[in-house]
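Below is one structure, written out as structure tokens; comments come after it.
Letters go in sequence order (proteins before strands), and every chain restarts at 1.
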Amino acid sequence: MSLLQIAKRLLGIDIAREKYAYAEDPLFGHISESRVAESWVKTTCGYCSVGCGMLVGIKDGKAVATRGNPDHPVNRGKLCPKGLSEHHILTAPGRATTPLLRKDGVLTPVSWAEAITTMVSRITDIQSRYGRGALGVVGTGQLLTEETYTLGKLVQLGFGTSNNDGNTTLCMASAVSGYKLSFGSDGPPGSYEDLETSDVILLIGANIADNHPILCERLQRNTHRTLIVADPRVTKTAMMADLHLPVKPRSDIALLNGIAHILIRDGLIDHNYISAHTEGFSSFAEYVTTFTPEHTAAITGLSLAAIEHVAHLYGTAKAAFIGWTMGVNHSTQGAVTVTAINNLALITGNIGRTGASPFSITGQCNAMGTRETGFTSGLPGYRKFDHAEDRQALAQLWQIDADRIPSARGKAYPDIIEAVITGSIKALWFVATNPAVSFPNYDLIKQAFETVEFLVVQDGFHPTPTTAFADLVLPAAIWGEKEGTYTNSERRVSKVNKVVDPPGDARTDFDIFLAIAEELGIGPSGKAVRDELYPSWITTHDAYQEWQRVSAGRACDYSDISWDRIDREGGVQWGGDRLYADGIFPFEGGRAKLHNVPCEPFLEQPDEEYNLILNTGRTVEHWHTRTKTGVVPQLNGMVPNAWLEMNPVDAEALRLRSHDRVTVVSRRSRVAQVELRITGIVAPGQVFMPFHFSEANSNLVTLGAFDPISREPNFKQCAVRIERSPLR
Amino acid sequence: MSLPLHERATDGNSFDLVRMSLLESGAPARVVNALIPERLLEEGEQYRFHFDMTKCIGCRSCEVACNEQNGNPAEINWRRVGELEGGTYPDTVRHYLSMGCNHCLDADCVKGCPVDAYKKDPVTGIVVHSADACIGCQYCVWNCPYSVPQFNPERGVVGKCDMCQGRLEDGLEPACVNACPEHAIEIEIVNKLEWRVDHATADSPGMPTARHTLSTTRITLPPELETATLERVDNGQLRAEHPHWSLVFMTTMVQAVVGALSVMLLAHATDTVSLTLLAILTAVALNISVFHLGRPAYAWRALKMWRRSWLSREVLLFGLFFLAIGVCTAASWAQSLGFTHHVMAVPILGKIAVLLGILGTLASAYIYLVPARPSWNMSHTPIDFLISAALIGAALAPVLDQLASMLGSYWPRYFAHQQIHYRAAPTILLAIAWLANQLVRLTRLHGSSLFEERASFSLLSSMQMRPAVMLCVGLAMGSAVLAAIGAWPLALVAATGAVLTARYLFFVSVVPLSMGLTFIQGRHA
């Protein structure tokens, strides 16, 4: 700025008229000129799994505006605050723009060639010394479906390690496991439309008003619904409910079994459906006899009347819907809790019909894509490791020896971390995830980072709390800088398109994977890895076309979902509107299984020393560990710091006042300087804090306990005490 | 403004939805089942917001959409969401407020604006602000009970919600209305006369009463709501307001001049040296005040609305005061240099100047008598301004007199001066009166039934401000003691220090009326 300009500004002759001018956008009308675009790119939001269709406006090669796509069936033009400001992340600071290799302890810019050569030589060297399984890879639900598919092949067939998992294990693994246990396959059976047509909607551990706000519109359009929300907190979603069930932490299984008890007792079950499509009913009916309303009331803290009322609402509904998210999944009993939900749907025939579904509302934008294509907890296309014919089919599709496909799942995410500490895994590769903030019990993962010989972090942002530990940082493109597909919670495959080029030398994850395959040279079969795994692939579309062939005939059949068709129809649901309409489930015999689910207390119960139960969660303004939303000033300005919610009763006992700075102490560690909010949102004896903030990381104190089936961490309950933070 | 009737297209799926369809031809957006009125306004009507608290889920899409619409930086939010909470777990009640401008019938921003930058649109009733006309005095920010106008330092002007007038003109709903996933915000038509009579539905917990300015926003409250139990969640956090240093100095200095001139006239001691120094002080003070503005180059515009705005009146009266003291000084010089022998000219002009100065000081005080800033809106404000003038004046006059005597001894030909003996008693009494006024004000703030006044007291008694309060009291007492021992220069320093400190505290400790905000974001600074 010249002196003259500065003087004009100070005197007020210049009032930045151009910057604040308005203009007419040909499509969207009167708006700030800075948001008028020359062209619009149709795409899908890159935050949560609702999968909203959006248009991103471009002017002079820069993303300048975001609009909900009014013609998209998911959101019909609406977006949440994160979506409305999503173009800002494409111009945000803090991006990783060049590969960085740790030399003499310092992350130093290097060429891509050096980065990839170093990565492959270090990893293959480690693998030659410690075995192929010495590499652990953790991917993400943030990648494109095409990229996840490509990564799976690279890790399992290229590097030959089965220790491949995703951050989705921190998120919806329990839903996957629960669906598999009950129905024989993953796949949320319903559609968002069910929220509009169902007459009784039960949300368990799902705060959709904060986490999936665009789904709330469906509930509002549904004028005949009864909405029941089971949550220990009085969440924004609980405020929407006709009936809020303030259950005690982790008493959801008792509630579900208790409802089943009443349904069976009062004959509010669908005998025809049970006998035609399920197995295990008599054992189940016998099992839930112990869950009398009195027993259920004692565990859940609900009144007898409320339990009876809810059971009767659910049992007499024409079409009942149960939705859940992390309140159920983030539990050492997550997978079986999902089966308890499925039990209710099965015994009342509330599945496979309009408005009736047990529905897992997923987390990340492409968690579903990783569930289907991932080569992690299953084989691509919902195939199973332990089914020889599945392995054979894939080997044939890929033209490789079937014995190269593992017959059992490798280590899950928490087991990979544990294996680093016990020494069997020596190299780690994280792709688009930030475990230094998102993984429970930070001290453990920190130890893993410090123990591991070689740590590669591939991310769109640097520095992040995780890249700080990296030996090699690979700068990656993010949403808006690449083309492919995401699949949302209702199995809708949507197109994600490129808006702008990635910054600096950053490359798409897909390109990085291909370059690594190239570097791997000749594989075990004697063929070049690049040519064998990715024959003449150039773009993600090549990966997609192979995935279409691989998924053909599977539950998640993409074979007739071409990119063109997605563009035309604004997203296509695999499996149609809803699964299991015929009542045939992918188990041998075609019957769904009812499971007897015991209700166990959560692991770390409060005691005298750690007298409060810490619950963790999210807020609408932020996404996960804030690598993205933290750099959008609008969003970060709305909620710039973490807080701890505490009931006035507990606050009074501790002589604390709102806005005091407190320290959360658990057996693991402590988080200091958290702003205290005294509120009736949480029950006495419980406290809540969001997990988004690396500056006040709730995962310093959370418990490293995992579901034995899904391996999902128990983020939602641990014992803590609260102290006043020392003055800074 | 003509509001086109909207083409309605029903495709069966668009129940209760603002839907803009992208047409292949690039034709303009189309509104279906609009959340904006479908007919033109008639005589006596205007547009207003309707906010449905039962629908709002607190997602804050409206806030982001507003900033995207208007290209505002993150710190400026023309639409804001607040949270309200009540009840006891598990029967806790949480609700949200989403508010832009209320486009009041009796908008105080319009009335207070010294440059007529605000217009209440005669057809739509939208309160429109012109950035070009605005000089950035921020008086509207003080006047609005909802803290709606916000100053943008990058531009040097304020800005506010204009109901997306430009979009309404095109038959499009405002950005917030368009963005709300719950259809909780809409535009509707209100009959102004009927609303004057009954505006009960404008009131809501977490909002200042609509009575002051006749806010037009209609708020649908949850039917089961016991409104008494819903409280703002942002009340626990108080932030100091902007100190407005230029105003601290300007008001103090001008008051000092007015006070000193009055004292000198009472003592019949209007010498040329003192008058010259007072005129210079006035010039400096008025120039300092200009730097309070976001656009100092256009300060002169502030005279425009003298019929309506106390700020304009202050500028006008202090301008005339400066003129009068200038002429008075010139007359004194003419007399000293022997050009004229009209001995009465100086005292007469001086009395005119004092009259204008007192009126100016009162106009200055009236600027702060705004309902939106309760701790300012007290009789203590004009009393303080007048006593402050007298207190500093009583100490300044003897100091000037001493200076004049010194100069007179060097250049007796021009500045022959007979020193006057000023008595200490008036100064001591004024210091006591001044302190008493401050202390009574504090006591009243403490015991007030208004949250904002009690909050001001809390701020003043906070660790952060308490030292300044103590200093202020000490200096005022010191000025009395120093006057008693005849140490006039020191008494002047103490009195001026006391007034400056008190004025600083006056600005930073005010807690404006505002709508409730969120817990983390808290009250707007």
Side-chain angles (χ1 to χ4, degrees), chain A residues 9-13 15-17 19-20 22 26-35 65-66 70-71 76-81 84-85 209 213-214 216-217 220-221 234 236 239-240 244 246 620-621 633-641 643 647 657-659 675 677 679-684, chain B residues 13 15-22 26 28-29 55 57-61 63-65 67-71 73-75 85 87-90 92-95 131-132 135-136 154-157 164 166-167 169-170 172 175 179 181-183 233 236-237 293-298 518-521:
Chain A
R9 170 68 283 285
L10 287 177
L11 289 171
I13 295 164
I15 54 167
R17 279 188 190 82
K19 188 174 173 189
Y20 287 89
Y22 291 87
L27 288 176
F28 297 105
H30 176 86
I31 192 165
S32 168
E33 195 170 32
S34 58
R35 265 58 170 189
T66 315
D71 296 323
R76 298 156 190 167
K78 301 295 182 186
L79 292 173
C80 80
L84 283 169
S85 55
I214 299 304
C216 296
E217 188 203 5
Q220 201 201 72
R221 288 154 70 93
V234 187
K236 290 177 182 173
M239 284 310 302
M240 295 171 63
H244 171 222
V620 67
E621 297 87 350
Q634 178 76 42
L635 297 173
N636 205 44
M638 295 203 296
V639 181
N641 58 272
W643 72 94
N647 190 278
R657 294 172 61 183
S658 259
H659 303 285
E675 187 170 0
R677 174 172 179 183
T679 171
I681 295 170
V682 291
Chain B
N13 292 323
F15 166 73
D16 195 23
L17 183 75
V18 177
R19 183 184 159 88
M20 298 184 307
S21 197
L22 277 179
K55 289 182 176 173
I57 59 167
C59 76
R60 308 181 80 178
S61 292
E63 273 182 83
V64 176
N67 273 28
E68 288 296 310
Q69 170 69 25
N70 297 298
E75 312 77 58
E85 188 188 317
T88 308
Y89 185 92
T92 310
V93 189
R94 297 170 78 181
H95 284 289
D132 283 324
I135 57 170
E154 188 191 17
R155 304 194 68 185
V157 296
C164 287
R167 285 176 61 81
E169 280 169 3
D170 292 341
L172 296 171
E182 305 300 312
H183 323 301
V233 301
Q237 192 174 34
L293 301 178
R295 302 178 72 189
Y298 299 94
T518 53
F519 177 79
I520 289 284
Q521 210 168 17

Pick from [options]: which one has the most heavy-atom pairs with chain B under 4.5 Å?
| options | answer |
| --- | --- |
| A/Asn647, A/Leu635, A/Asn641 | A/Asn641 |
| A/Lys236, A/His659, A/Gln634 | A/His659 |
| A/Ala16, A/Cys216, A/Pro213, A/Pro684 | A/Cys216 |
| A/Val682, A/Ile214, A/Thr66, A/Val639 | A/Val682 |

Sort [X] into side chain, backbone, both or neither according to what part of it lies under 4.5 angstrom from a heavy atom of chain B.
| X | answer |
| --- | --- |
| A/Glu621 | side chain |
| A/Leu10 | backbone |
| A/Ser85 | both |
| A/Arg677 | both |
| A/Leu79 | backbone |
| A/Arg17 | both |
| A/Met638 | both |

Take A/Arg9 and B/Glu154 through the salt bridge (charged side-chain N to carboxylate O under 4.0 Å, His left out) test and state the conclusion after the steps.
-> CA-CA 8 Å; A/Arg9 170 68 283 285; B/Glu154 188 191 17; over 6 Å; no
Does a donor on one side chain sit under 3.5 Å from an acceptor on the other, for A/Glu33 and A/Tyr20?
-> no
Are A/Val620 and B/Ile57 close enough, and set up right, to give a side-chain contact (heavy atoms from CB on, under 4.5 Å), and what steps lead you there?
-> CA-CA 10 Å; A/Val620 67; B/Ile57 59 167; over 6 Å; no
Take B/Gln237 and A/Ser658 through the side-chain contact (heavy atoms from CB on, under 4.5 Å) test and state the conclusion after the steps.
-> CA-CA 8 Å; B/Gln237 192 174 34; A/Ser658 259; over 6 Å; no
Contact leader toward chain A among [options], where contacts are heavy-atom pairs under 4.5 Å:
| options | value |
| --- | --- |
| B/Leu293, B/Asn67, B/Ile135 | B/Asn67 |
| B/Cys59, B/Ala131, B/Pro90 | B/Cys59 |
| B/Gly156, B/Ala297, B/Ala65, B/Pro296 | B/Pro296 |
| B/Val157, B/Asp132, B/Val93, B/Thr88 | B/Asp132 |
| B/Ser61, B/Ala74, B/Gly71 | B/Ser61 |

Where does B/Glu68 contact chain A at under 4.5 Å (heavy atoms): side chain, backbone, both or neither?
-> both
B/Arg167 side chain to A/Phe28 main-chain N or O, any donor-acceptor pair under 3.5 Å?
-> yes
Measure from the side-chain N and O atoms of B/Arg94 to the backbone N and O of A/Val234, and report whether any donor-acceptor pair falls under 3.5 Å.
-> yes
Drop me the distance from [X]'s [atom1] to [Y]'s [atom2], to the nearest 0.5 angstrom.
| X | Y | atom1 | atom2 | result |
| --- | --- | --- | --- | --- |
| A/His30 | B/Gln69 | NE2 | CD | 6.0 Å |
| B/Cys164 | B/Asp170 | SG | CG | 11.0 Å |
| B/Phe519 | A/Thr679 | CZ | OG1 | 8.5 Å |
| A/Gln220 | A/Glu217 | CD | CD | 7.5 Å |

Should A/Arg76 and A/Asp71 be marked as a salt bridge (charged side-chain N to carboxylate O under 4.0 Å, His left out) after you check the CA-CA gap, both sets of side-chain angles, and the distance that decides it?
-> CA-CA 6 Å; A/Arg76 298 156 190 167; A/Asp71 296 323; over 6 Å; no
